[in-house]
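Notes follow once the structure below has been shown.
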Amino acid sequence: LEEPLIFEIADNQTTGVDLPEVDAGAADRLGGMARDADIGLPGLAEPEAVRHYTRLSRQNYGIDLGFFPLGSCTMKHNPRLNEKVARMPGFADVHPLQPVDTVRGALGVINELAHWLIELTGMHGVAMSPKAGAHGELCGILCIRAALEARGDAREVILVPESAHGTNPATAAFAGYRVEDIPATPEGRVDLEALKARLGPDVAGVMITNPNTCGLFEPDMRAISDAVHEAGGFVYCDGANFNAIVGRVRPGDLGVDAMHINLHKTFSTPHGGGGPGSGPVVLSKALSPYGPLPYTARTKDGVVHLVEEESADEFAREHFGGPLSHFGRMTAFHGQMGMFTRALTYMLSHGADGLKQVAEDAVLNANYILRSMEDVLHAPYAHSGPCMHEALFGDKGFAEGLSTLDLAKGMIDEGYHPMTMYFPLVVHGAMLVEPTETESKATIDQFITAFRSVAERAKAGDESLKTAPHYAPRSRLDETAAARKPVLAYTDPQ
Amino acid sequence: LEEPLIFEIADNQTTGVDLPEVDAGAADRLGGMARDADIGLPGLAEPEAVRHYTRLSRQNYGIDLGFFPLGSCTMKHNPRLNEKVARMPGFADVHPLQPVDTVRGALGVINELAHWLIELTGMHGVAMSPKAGAHGELCGILCIRAALEARGDAREVILVPESAHGTNPATAAFAGYRVEDIPATPEGRVDLEALKARLGPDVAGVMITNPNTCGLFEPDMRAISDAVHEAGGFVYCDGANFNAIVGRVRPGDLGVDAMHINLHKTFSTPHGGGGPGSGPVVLSKALSPYGPLPYTARTKDGVVHLVEEESADEFAREHFGGPLSHFGRMTAFHGQMGMFTRALTYMLSHGADGLKQVAEDAVLNANYILRSMEDVLHAPYAHSGPCMHEALFGDKGFAEGLSTLDLAKGMIDEGYHPMTMYFPLVVHGAMLVEPTETESKATIDQFITAFRSVAERAKAGDESLKTAPHYAPRSRLDETAAARKPVLAYTDPQ
Amino acid sequence: MRYLPLTDTDRSAMLDTIGASSVDDLFVDVPEVARLDGPIRDLPMHASEMAVEKHMRSLSKQNLAAADAAFFLGAGAYRHHVPASVDHIIQRGEFLTAYTPYQPEIAQGTLQMLFEFQSQVARLYGCAVANASMYDGSTACWEAVAMASRVARGKRRKVVLSGALHPHYAEVIKTMAKFTKDEIAGSEPSIQAQPDNEGLIARIDEDTSCVVVQYPDILGRLPDLEQIAEAAHAKGALLIAVNTEPVALGAIKSPGELGADIVVGEGQSIGVGLQFGGPYLGLFAVRDPKHVRQMPGRLCGETVDADGKRGFVLTLSTREQHIRREKATSNICTNSGLCALAFSVHMTLLGEKGLRQLAAENHRLACIAADKLAAVPGVTVLNDSFFNEFTILLDGDARQIVRDLADDKILAGVSLARLYPHVDGFTGGLLVAVTETTTEEDIETLCSALKEKLS
Amino acid sequence: MRYLPLTDTDRSAMLDTIGASSVDDLFVDVPEVARLDGPIRDLPMHASEMAVEKHMRSLSKQNLAAADAAFFLGAGAYRHHVPASVDHIIQRGEFLTAYTPYQPEIAQGTLQMLFEFQSQVARLYGCAVANASMYDGSTACWEAVAMASRVARGKRRKVVLSGALHPHYAEVIKTMAKFTKDEIAGSEPSIQAQPDNEGLIARIDEDTSCVVVQYPDILGRLPDLEQIAEAAHAKGALLIAVNTEPVALGAIKSPGELGADIVVGEGQSIGVGLQFGGPYLGLFAVRDPKHVRQMPGRLCGETVDADGKRGFVLTLSTREQHIRREKATSNICTNSGLCALAFSVHMTLLGEKGLRQLAAENHRLACIAADKLAAVPGVTVLNDSFFNEFTILLDGDARQIVRDLADDKILAGVSLARLYPHVDGFTGGLLVAVTETTTEEDIETLCSALKEKLS
């Protein structure tokens, strides 16, 4: 399983395209900037290129190959219809700056998806342009900041629970806020009293994940929201775990002001080895006027409009009775159209009934795993009641010298992608398992058998786990060496 | 690498489609034939189905994964553009019996492809409907038979060289002919004198492969054709090896009367694990009137017509001055449209210049392998001069107890599909290697290194070859047991 | 030359190794008269992917795609919705670019799929064994006739064809019989509500090797196969049942359970699509395992490997041409492997439940269409019973009406005159097929258009 | 519910194991006020694949696809021909459905591809190191500004923007600066044949962290980066070069060799397609390796595994949010991985030779278009120099003319008024982009239409 680098098999004379031999000098209006140096790009004919990438692909694990129990990442099946729809010429072969009369269908997709997101979350508005979850978080926090500034209220602090995703504090800091932790209760939930005690005129808002990263629903959510609002702040909810409640609970009913939605999680646009994603942000009535440009709006005549710099003020005056207080633009163009088409296709396929079933099956699968494992693995919050769509375990009881990492790598040899490791930080050697709703009982039963067996080996001190995986394309890789003297690009041999 | 059967993981309640629950009894006009018994078909939801087939696929070897040196089968790269074109709605979503005015473009594809085939072979006409090479052979032999019958000449014998593909004698027999062998010379070619001696009023024709299955061009081809024609017979040429000469030599110039063309070989429609193929048959002027229905014809006004039973006589009278003597219909509808679009796309991509280069590179690659191997492997016809697009080796010099089969299985462990084994029959332990033109020199050099090493092991008597492959999804399978007590369908466990 | 990896540098180096001065030296065996001195004239030079795609797209756009019309064509090729995942799977390079699985150690993907496919087809047809596919329904049908002749050891020369067998299928049999000297007792369909079983049975005699009956038949009717099977068996003949719409078998009894000995058909409805007629998928199965060794085509069987693991191989290949040459049961080599995969994936997505729902939905919509058409003045519905296709009789020239309606993007069906150009009295006949892809709006469109045409 | 494999039987069995009587028991923590009593009203119920496909197709058909028009739009998004094999590769399940490669042992496919991608981008940009992608060009541009501020340790607060930076990019920077309190020194482009380098250089001072210059710029002109780099470096500021058309770099000098310190851009032209604006591909590279630890986003690096085999891992992740939380260099997590794959495959198919040919062909056609447009009365071509996009000035309202021509399936370009709605004097300005997908016939069509409009 050794596939050379393209730089090792290709040359600068081979090409996999047929283009005319143009005499570059013939028509040079490059104003003296014409390139003379070689770039150094390797080329392959199509047969070799297809083979190179096909072989490379086979060193990857993906949902199409097996179960991906990755907590807080919702790696579910990616329907192939979505891929087909995204490639329809009217979506894929359309320029973002075409005259709006030539893209009414594309705007219709954005507007229809926005409607679904608003209805599913019980919110008032949605900003569609953020490019991914973290970008959406930034959007939400900026909306809060814009709303506060609009009332002349400079606040400096965002409260974040210690169990939060790393993006939460990073985002708050990126937006110029100071980040303070909120402690957790022994049951794995936000400590309401501690939170209330910290609230005050300097707190712009809180960032909460619900269901939280321990896999638990925050039963005090409504109370938290009320307390924050009363103190003049806003509630940001991290939407990474929306899969647990979609169709069953609406964040808007819990007092949330802003929540990003990872279309590549709950709404199944493929993860693609790291992206692209899409992170629309649903907004409460209080925050809606402060969302970014551009946005779409359907007027009473049924026409979907694209509102961007060109028309924002005019449109707002005409339809909302005044200029909008948008906070600006977060990205060029209008957002991740390719993800919008996939997500809308997925929503229409499931429908309101199907999405409710999604949440129920996801939660059912997770609780089934929790209850099937708690006798062999430490499950710190198993006593707190049912989990939501993910089950959390810790490394308590492992033999000396064996770690969560070893167990995870052992799962690779069993044919599974490892669970999320060492997150959330509040549990020692945490393992967060999210089965999603697209796995069958048979698959989950097989996984439980394998998971139990590897857990027993970790408790019994099986040394072979320390060098796992043994049956993967590579054995453990030296990450320290990689970071100590980084080799980040190919260098031609001398 | 154990993937269960669908029957073992699926059930009759699960489905991967969303269809309405129709009360079957509600509108029953089934005339008493309504089904009551269960069929016993297993169903899977889409996530499980995609995973099952994705996993299965990974137990296969294909061109996309590596080199496929399979003689007489021309396993070359399958361009992805061809796949895209075949799926255009105007080709894929069109019914064969639509009014012809609604399918002029589809008929245009057939006619344009026919033009290419006629020009590339220097022939007079082409029958497009045969479904695969063997079907095309049958078509060609039936044309010969029809032409002979039209002149009241009942002949009974078809001559076939002993090195021929199995389909040749099978086809001749299927068409009601007696098959007789033609011997080969020590140089691996048809024995012209022996052939001439056998010709006579009972011989309907000969079936010849040129380049022949020993990988050699028949330099006497023109003389063979002349002799056969003089004796009142016809010359059928097996087109399996057309890749060696496409664009450089036209079979029509060699006196051939009929030749099938495997679009899935020379013209790169994918082999698909065994099909579908397509086998158009080019015909000489003498045979053209006897081809099957339907066919397409472009009249002087530029319109492409579909000529089938409905219009055959009328059309022939109008445009050819008399009814046509077609021998009938070989298949429903008009042939393998999906292969036509792919083949035409491939031809247009290469063009006349590119196709000539195809033959040259294919022959160059084969000779390179022949000359790089002849010092370690017995190459029975290496002294006959250059080979064409494939190189032939025998097992002379192997250690006692080791066979061509063992060497072939050893090549699997080196990461290659084995070469064609034990064919042609005229060479003991034959190994026929066809590199095609879509492999790079680097790939071929690696292959030669591996091939030499395994050949040396076979000569040295390396016992481990007898149990090869060792690194494949399966070790050697018991084919005898499979045939002795055939299990050809899944049976539910009791 | 984007598919050719050799560079000029490579070519020179390789010629050096070979000891040739130019590539022309490698073609010395070609007689001089036959050597071409340059690229063939009258053919264009190579073109970019973009240019080729544009050319092919323009040809594609000269056709009226079914999705852009109100669509009612059938007659042996049916338009069904194929799930997107089917096309995804068949484009996996490991399936698409694999060879025939003669090397089973590295072809278990194809082989296991074929074993599953054979099992699905056998169950659908009510048979013991199905093969790994034929070219299409019509050639499978001819192969069945040839097989029946082998089963009768060539001692019975007569083949009785139902008048309501698809005329293309009948043509293929008649064409081949011209050479094999089988006697074909065929006829044209009679335009009546019920198939003429009695007439068919009357033609069976002691010289008959087989009776070929389509079910549902070309007019959409449902012949009583059980009655015909009994009559055939009584004379020592085999019943060959032909099915061109596998979806029907989700709603009606299988030919095997009704007594057919060989069941063949067209599998295109499941997974494959219309494709202007090809590639399609020939299905071939036998009810009695004792007939297996007379079957044509490839068979995949279960076995074990040297380590005792279950695996699959092509088996009983002593029937086939590459082993048995002129004594083979058929000359078939390449079959419809990738279409078989498409069929199998689609069938797995359907499952028992989905196929039955699909069949019920087809039948429901066909009943609606029949009722609505019957209400149009000048239209008579012929069939008492049908699955998803039936015959209507128009007060007019159906062939011309079909052509006229096509201008308004209505593809109204297949006229009997197109199928039987030399038979009188079929002028008004039109086959109308209705599937789950047909909307009630499409049905209304057709009815309105006919109403206008016929008034 | 075709994506949900659990059957009701499974569900009951699993509830039994859990010890719950119904799935409602698992949602007990939800406050009663927030529990929904059924599927959400105002949303439709589930639908078949066929129905959904039909709905989405009808929305798709309400758009004018570029392939169906004479197409001249650019302004940061360019239409190029993408080889079919690119889409084939990115649909391989192993790439499409893989996760972020945090488990390198089973993610070498993604990781090696990223290493190759980083190397290709670094070479194209003339830089030492490129990261594994950002969301798009505009966000990459903002991240570069933020990075420059980190390099200056927050001590320089002024960001100098070229007036000819894409206005959306400038907007993103201005938006973010409202919160980070950076001072933005920007301007609008001046409508002249050459960019105003002197004016730009005059705005650089000792408080400037970076200068941001687009190359080619929004009007298609080619600013002399070398001169600006020298001026910036003289004041201790970094030069950020922004490129929105990577194909151009096949014909013009790379920003790195001209002295840019950070090079960012939009990679959509190679492999990704138009897609109505997203997903696109942010490229990010630095010339000097010493700046690597201030870079945002993922980096893939080479290492060895326990057996000494070469392998790849995500590295230097101490810069990232999941390790460093509020001290991270960026909050970015998900990036444009699959678009990076598409870029890398397309770039590998092009290679040095293909990219240079592609660039030359783009430039050749653009020169033809410029000459033909210049000959149209009422049209003035602004640019002296350009790559494949240039600005023309019309005697009329370009915005309205663009809208009018769209009715005739001519997508004539991007009007400056669309990009700069609040700037006066841009009424007649129109950006015209020409690529290898533009035919000379398209150019004639545009010229004739403009001739008619402007007469």
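Not measured: the values here are computed from a predicted model. In what follows, chains carry the letters A, B, and so on, assigned in the order in which the sequence lines appear, proteins first and then strands, with residues in each chain numbered from 1. Heavy atoms only: backbone and side chains are in, while hydrogens, waters and symmetry mates are out.
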- [ ] Report yes or no: is the cationic atom of A/Arg29 (NZ for Lys, CZ for Arg) under 6.0 Å from the centre of the six-membered ring of D/Phe386, at an angle within 45° of the ring normal?
- [x] no

Task: Donor + acceptor pair across side chains of D/Asp10, A/Ser440 (<3.5 Å) - done: no

- [ ] Decide yes or no for D/Leu6 and A/Lys441: does some side-chain heavy atom of the first lie under 4.5 Å from some side-chain heavy atom of the second?
- [x] yes

Open item on the list: Could you check whether D/Asp305 and A/Ser475, counting side-chain N and O atoms only, form a donor-acceptor pair closer than 3.5 Å?
Closed with: yes

TODO: Could you tell me whether the side chain of A/Pro99 reaches within less than 4.5 Å of the side chain of D/Val402, counting heavy atoms only?
DONE: yes

- [ ] State whether A/Lys84 and D/Glu53 are salt-bridged, where the test is any N-O pair (Lys NZ or Arg NE/NH1/NH2 against Asp/Glu carboxylate O) under 4.0 Å.
- [x] yes

Task: Qualifying residue, where the test is side chain to side chain donor-acceptor pair (under 3.5 Å) with D/Glu105 and the options are A/Lys409, A/Gln59, A/Arg474, A/Arg476 - done: A/Lys409

- [ ] For the residue pair D/His166 and A/Phe333, categorise the inter-ring angle as parallel (less than 30°), tilted (30 to 60°) or perpendicular (more than 60°).
- [x] perpendicular

Task: Heavy-atom side-chain proximity of D/Thr17 to A/Asn367 below 4.5 angstrom - done: no

Open item on the list: Once you measure the plane-to-plane angle for A/His95 and D/Phe71, does it fall in the parallel (<30°), tilted (30-60°) or perpendicular (>60°) bin?
Closed with: tilted

- [ ] With the side chain counted from C-beta on, respond yes when A/Leu477 and D/Val304 share a heavy-atom pair under 4.5 Å apart, and no when they do not.
- [x] no

TODO: Step by step, work out the side chain to side chain donor-acceptor pair (under 3.5 Å) result for A/Asn60 and D/Thr110.
DONE: CA-CA 7 Å; A/Asn60 263 9; D/Thr110 295; 2.7 Å; yes

Task: Ionic contact status for A/Asp361 with D/Arg11, cut-off 4.0 Å - done: yes

Open item on the list: What's the separation between atom CG in D/Leu96 and atom CD1 in A/Ile63, rounded to the nearest 0.5 Å?
Closed with: 8.5 Å

- [ ] For A/Thr102 and D/Ala406, work out which heavy atoms get closest and say how close.
- [x] CG2-CB, 3.7 Å

Open item on the list: Please find the pair of heavy atoms, one from D/Phe95 and one from A/Ser57, that lie closest to each other, and give the distance.
Closed with: CE1-CB, 3.4 Å

- [ ] Output all residues satisfying side-chain contact (heavy atoms from CB on, under 4.5 Å) with A/Ala481, sequence neighbours left out; order by chain, then residue number.
- [x] A/Asp478, D/Thr303

Open item on the list: Quiz question: by atom type and distance under 3.5 Å, do the side chains of A/Thr54 and D/Arg92 form a donor-acceptor pair?
Closed with: no

- [ ] Could you tell me whether the side chain of D/Gln118 and the main chain of A/Leu488 form a donor-acceptor pair under 3.5 Å?
- [x] yes

- [ ] May I ask you to say whether D/Arg418 pairs ionically with A/Glu309, meaning some side-chain N is under 4.0 Å from a carboxylate O?
- [x] no

Open item on the list: Within the 4.5 Å heavy-atom criterion, are D/Leu15 and A/Leu364 side-chain neighbours or not?
Closed with: yes

- [ ] For residues A/Gly338 and D/Gln275, report the shortest heavy-atom separation together with the two atoms involved.
- [x] CA-OE1, 4.4 Å

Task: Under 3.5 Å side-chain donor-acceptor pair for A/Glu83 and D/Gln91 - done: no

Task: Under 3.5 Å donor-acceptor, A/Thr15 side chain and D/Leu349 backbone - done: yes

Task: Beyond-backbone contact of D/Asn331 with A/Leu138, side-chain heavy atoms, under 4.5 angstrom - done: yes

Open item on the list: Checking side-chain polar atoms at under 3.5 Å, does D/Thr348 have a donor or acceptor matched by the opposite partner on A/Tyr53?
Closed with: yes

Open item on the list: Looking only at the aromatic ring of each residue, does the gap between the centers of D/Tyr135 and A/His135 stay below 6.0 angstrom?
Closed with: yes

Task: Backbone of A/Ala332 reached by a side-chain donor or acceptor of D/Ser138 within 3.5 Å - done: yes

TODO: Could you tell me how the ring of A/His77 sits relative to the ring of D/Tyr3: parallel (under 30°), tilted (30 to 60°) or perpendicular (over 60°)?
DONE: tilted

